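As C-alpha cells, the structure follows; a few thoughts come after it.
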Amino acid sequence: MQEVTNKKYVPTIVAFCCNWCSYAGADLAGTSRLEYPANVKIIRVPCSCRVNPLFILKAFQRGADGVILCGCHPGDCHYMTGNYYARRRMSLLFNFLNYLGIEKERTRVEWVSAAEGAKFSAVMNDFAKTINELGENKRLQDLRVKGDRDNG
Ligand code: FES
C-alpha cells in the first residue's frame, strides 16, 4: 500500500557567513526583527575564503537545495584579500556545478556588511524564493543521507 503524505516541501538552504560582516549582518537582521526564512541554516566561518569549494559540494551531497556564501564587501575583508580569493574560487566552482547539471541559481555569492541587516534579510528572502521555485535538488545527493533527512 502506498503511503500518502501531506508534507509540504521545505527546501534546505545553507548560508556560509563570514564572522566579521555577514554574520554580524544576520545578527542585526535578527535584532532589528527583520524576517528571513527559518530554513536558512547559517554556518559561521572566519572569512568567506575559509569556505573550501568541497564544503559546497558536501552540502549538496548532504541534501542542501541551495547554498549561499556571504562575505564582506570587496576591499573590506578583515583579512584584506580573503573575499577576492573566495570570489574567484566560487566563480570557478559555480561553472563546474553548472556543468554537472546543478542550476546556477542554486548557488550565490553576496557581500553583506555588518550594517546591512535589511540587505541580509532581503537577500535571504529572495534566495529562498528562488530555491522554492527550483524545487528539490536531486543532483549530487547522497542517497544514504536522504533517509536520515526524511526521518527528521
Ligand atoms: Fe569577511 Fe573575509 S572577513 S570576507
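In each ligand, atom 1 is the first atom listed, and ligand 1 is the first ligand listed. Remember, it's a predicted structure, so these values are computed and weren't measured experimentally.
- Coordination check, Cys21 versus atom 2 (Fe) of ligand 1: failed, since every N/O/S atom of the residue sits at 2.8 Å or beyond.
- Residue contacts with ligand 1 include Ser48, since one or more of its heavy atoms lies under 4.0 Å from the ligand.
- Per-residue contacts place Trp20 under 4.0 angstrom from the following atoms of ligand 1 (heavy atoms of the residue considered): 3 (S).
- For Tyr85, the OH atom sits in a loose shell: 12 or fewer heavy atoms of surrounding residues, nucleotides or ligands are nearer than 6.0 Å.
- The existence of a salt bridge linking Asp27 and Arg44 is excluded, since no basic side-chain nitrogen approaches an acidic carboxylate oxygen closer than 4.0 Å.
- Counting non-hydrogen atoms of other residues, nucleotides and ligands closer than 6.0 Å to CZ of Arg89 gives a total above 12.
- The angle that Cys72 SG and Cys18 SG make at atom 1 (Fe) of ligand 1, rounded to 10°, works out to 100°.
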Candidate pair Asp65 and Tyr9, rule side chain to side chain donor-acceptor pair (under 3.5 Å), full reasoning: CA-CA 11 Å; Asp65 298 305; Tyr9 165 70; 3.3 Å; yes
